[in-house]
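Side-chain atoms are counted along with the backbone in the values below, which use heavy atoms only and exclude waters and symmetry mates. Letters A, B, ... mirror the listed sequences (proteins, then strands); counts begin at 1.
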There are 2 protein chains.
Amino acid sequence: MASGSEIERLIQLLAKLPGLGPRSARRAALVLLKKRDLLLEPLAAAMQDAAAATRDCEICGNLDTISPCAICRDPRRDPHLLCVVEDVADLWALERAGVFRGRYHVLGGALSALDGITPERLSVAPLLERVKHGVDEVILAMNATVEGQTTAHYLMDMLGGMKVTRLAHGVPVGGELDYLDEGTLSAAFKARRAL
Amino acid sequence: MASGSEIERLIQLLAKLPGLGPRSARRAALVLLKKRDLLLEPLAAAMQDAAAATRDCEICGNLDTISPCAICRDPRRDPHLLCVVEDVADLWALERAGVFRGRYHVLGGALSALDGITPERLSVAPLLERVKHGVDEVILAMNATVEGQTTAHYLMDMLGGMKVTRLAHGVPVGGELDYLDEGTLSAAFKARRAL
């Protein structure tokens with residue numbers, strides 16, 4: 001029980017972070033309050049700095065402190081390859097993998113009839129505009145979920161005539177067959193490759 | 001990959017919170033940056049408010065926005081009962097249980113030869129001073145860990161002559177015997193009560 005309303009409010013807001021529930025938010029608040037100088041104040045300042053400095057890239061939708069973002073500005077990245085992702089988190093994940101040297105386009109979500117996410121609510125029109133100018137291949141890197149695959153099919157229709165690819169489905173590296181779902185196993189089996 | 005240094009710094013600081021690793025800190029930072037007005041800025045403000053408003057209670061060591069804290073000030077709480085806890089988190093946990101209507105004393109940790117935590121580094125001297133003035137019973141609510149129980153034994157020696165009690169050990173409510181460790185089962189068995 002924290003009686004101070006400032007402490008209660010801190011706990012409530014921390015509990016809204018993904019990965020923190022009410023219990024762990026309380027623990028986090030206690031750690032923050034115990035390390036006021038070392039953690040709480042620097043974190044509060046970092047949040048305000050990030051809030052002030054961060055902007056959406058006007059070209060691809062990535063989050064960065066400059067717009068166009070560092071990726072869109074980077075002349076070493078191939079402008080003929082465009083990788084379409086649902087979310088900024090997916091873009092960051094692909095960058096961590098370091099496998100792609102082209103440019104990105106962030107849709108801002110995936111189509112979902114249930115949640116009322118129509119193509120108009122995603123960055124589809126800007127994507128169709130972008131691909132007109134010197135893009136040779138569009139890589140659809142949607143999540144392997146129903147919504148992600150629906151979105152990929154929709155985009156494939158809209159991009160008719162272009163070279164469109166998608167990520168391979170299969171056994172994750174380090175994965176054990178025994179623990180994999182039937183869908184993944186079946187996809188991996190069908191897409192088997194000659195050694 | 002977040003290229004903006006402000007974003008990287010936010011992620012690094014978030015990763016220091018308990019319950020958030022590097023991966024979930026990145027997710028949390030993304031959510032914060034997406035909800036700048038609704039979450040990031042209010043949270044940064046709440047942190048600064050909490051940092052400015054929070055102080056350690058000069059009597060018991062609780063964290064509150066006033067000192068002495070709300071519990072030490074509350075005239076309805078029995079000053080003859082003193083519950084000794086390792087940490088503020090334990091105090092809050094007992095308050096949530098709502099089982100205790102006395103006052104607290106926060107030690108600030110538990111004795112640990114390994115970590116060099118000696119009685120001088122804990123709030124032991126203030127405790128021994130406090131119990132001289134009208135305390136009838138000292139309840140030792142240490143964790144049921146080696147360090148906690150060492151601390152409890154040490155305090156029991158120091159408080160010789162007073163009525164000193166400790167929390168019961170046993171089967172947690174809702175617990176299944178099959179999943180409990182031998183120590184707990186053995187403690188629960190030895191402390192069995194007549195129905």
Side-chain angles (χ1 to χ4, degrees), chain A residues 1-7 9-14 16-21 23-55 62-66 69-71 87-89 91-96 98, chain B residues 1-7 9-14 16-21 23-55 62-66 69-71 87-89 91-96 98:
Chain A
M1 191 210 68
S3 46
S5 60
E6 284 90 351
I7 305 180
R9 179 155 170 76
L10 176 61
I11 295 174
Q12 278 167 14
L13 285 168
L14 283 172
K16 292 189 182 171
L17 292 181
L20 287 184
R23 203 180 200 95
S24 43
R26 210 178 298 117
R27 256 178 68 218
L30 263 175
V31 168
L32 283 168
L33 289 170
K34 274 194 205 159
K35 302 187 182 170
R36 252 166 273 180
D37 298 340
L38 278 171
L39 191 53
L40 179 53
E41 283 164 14
L43 182 54
M47 283 181 173
Q48 287 182 324
D49 291 349
T54 310
R55 53 210 82 242
N62 187 15
L63 273 174
D64 204 339
T65 48
I66 41 173
C69 73
I71 295 174
D87 228 328
V88 176
L91 187 163
W92 290 5
L94 284 168
E95 283 298 290
R96 284 198 299 283
Chain B
M1 194 210 65
S3 47
S5 61
E6 285 91 349
I7 304 180
R9 178 155 170 77
L10 176 62
I11 294 174
Q12 278 168 13
L13 285 168
L14 282 171
K16 292 189 182 173
L17 291 182
L20 287 184
R23 203 179 199 97
S24 42
R26 212 178 296 118
R27 257 178 68 218
L30 263 175
V31 168
L32 282 168
L33 289 169
K34 274 194 205 159
K35 300 187 183 170
R36 252 166 273 181
D37 299 340
L38 279 171
L39 190 52
L40 179 54
E41 283 164 12
L43 183 55
M47 283 181 172
Q48 288 183 322
D49 292 349
T54 309
R55 51 211 82 242
N62 187 15
L63 274 175
D64 204 339
T65 48
I66 41 173
C69 73
I71 295 174
D87 228 329
V88 176
L91 188 163
W92 290 5
L94 285 168
E95 283 298 291
R96 285 199 299 282

Practice task
Over all heavy atoms of both residues, which pair between Pro18(B) and Ala28(A) is shortest? Give the atoms and the distance, please.
Solution key: CG-CA, 3.7 Å
Completion exercise
So CG of Leu91(B) and CG of Asn62(B): to nearest 0.5 Å the spacing works out to 4.5 Å
Practice task
Please flag which part of Leu14(B) lies under 4.5 Å from any non-hydrogen atom of chain A: side chain, backbone, both or neither.
Solution key: both
Exercise for the section: Side-chain contact test, heavy atoms from C-beta onward, threshold under 4.5 Å: evaluate it for Leu43(A) versus Met47(B) and give yes or no. Expected result: yes
Practice task
For side chain to side chain contact (heavy atoms under 4.5 Å, CB included), just list the numbers for Glu6(B) and Gln48(A), CA-CA rounded to whole Å, side-chain angles, deciding distance to a tenth of an Å, and then say yes or no.
Solution key: CA-CA 9 Å; Glu6(B) 285 91 349; Gln48(A) 287 182 324; over 6 Å; no
Completion exercise
Among Ala89(A), Gly21(A), Ala51(A), Ala29(A), the residue with the most heavy-atom pairs under 4.5 Å to chain B is Ala51(A)
Fill in the blank from the handout: One should read off an interatomic distance between Trp92(A) CH2 and Ile71(A) CD1, to the nearest 0.5 angstrom, of 10.0 Å
Problem - Exercise: identify the closest heavy-atom pair between Leu13(A) and Pro42(B) - result: CD1-O, 3.5 Å
Exercise for the section: Name the option with the most non-hydrogen atom pairs under 4.5 Å to chain B; the candidates are Thr54(A), Leu39(A), Leu20(A). Expected result: Thr54(A)
Problem - Atom group of Val31(A) that falls short of 4.5 Å from chain B, counting heavy atoms - result: side chain
Exercise for the section: Tell me, for Asp87(B) versus chain A, whether the close heavy atoms (under 4.5 Å) come from the side chain, the backbone, both or neither. Expected result: side chain
Practice task
Below 4.5 Å from any heavy atom of chain A, which atoms of Ala53(B) appear? Answer side chain, backbone, both or neither.
Solution key: side chain
Completion exercise
Most contact-rich option vs chain B, by heavy-atom pairs under 4.5 angstrom, among Asp49(A), Leu40(A), Val88(A), is Leu40(A)
Practice task
Using non-hydrogen atoms and a 4.5 Å limit, figure out which bit of Arg36(A) sits close to chain B: side chain, backbone, both or neither.
Solution key: side chain
Handout entry: Contact winner vs chain B - Ala50(A), Gly19(A), Ala52(A), heavy-atom pairs under 4.5 Å
Key = Ala50(A)
Handout entry: Ile11(A) CD1 to Ser24(A) OG distance, which is reported to the nearest 0.5 Å
Key = 11.0 Å
Fill in the blank from the handout: With chain B, the option among Lys35(A), Arg27(A), Gln12(A), Glu41(A) that has the most non-hydrogen atom pairs under 4.5 Å is Arg27(A)
Practice task
Mind ranking Asp37(B), Ile66(B), Leu10(B), Leu94(B) by heavy-atom pairs under 4.5 Å with chain A and telling me who comes out on top?
Solution key: Leu10(B)
Practice task
May I ask you to test the Cys69(A)-Arg55(A) pair for a side-chain heavy-atom distance under 4.5 Å?
Solution key: no
Exercise for the section: Could you look at Leu32(B) and say if it's the side chain, the backbone, both or neither that has a heavy atom under 4.5 Å from chain A? Expected result: side chain
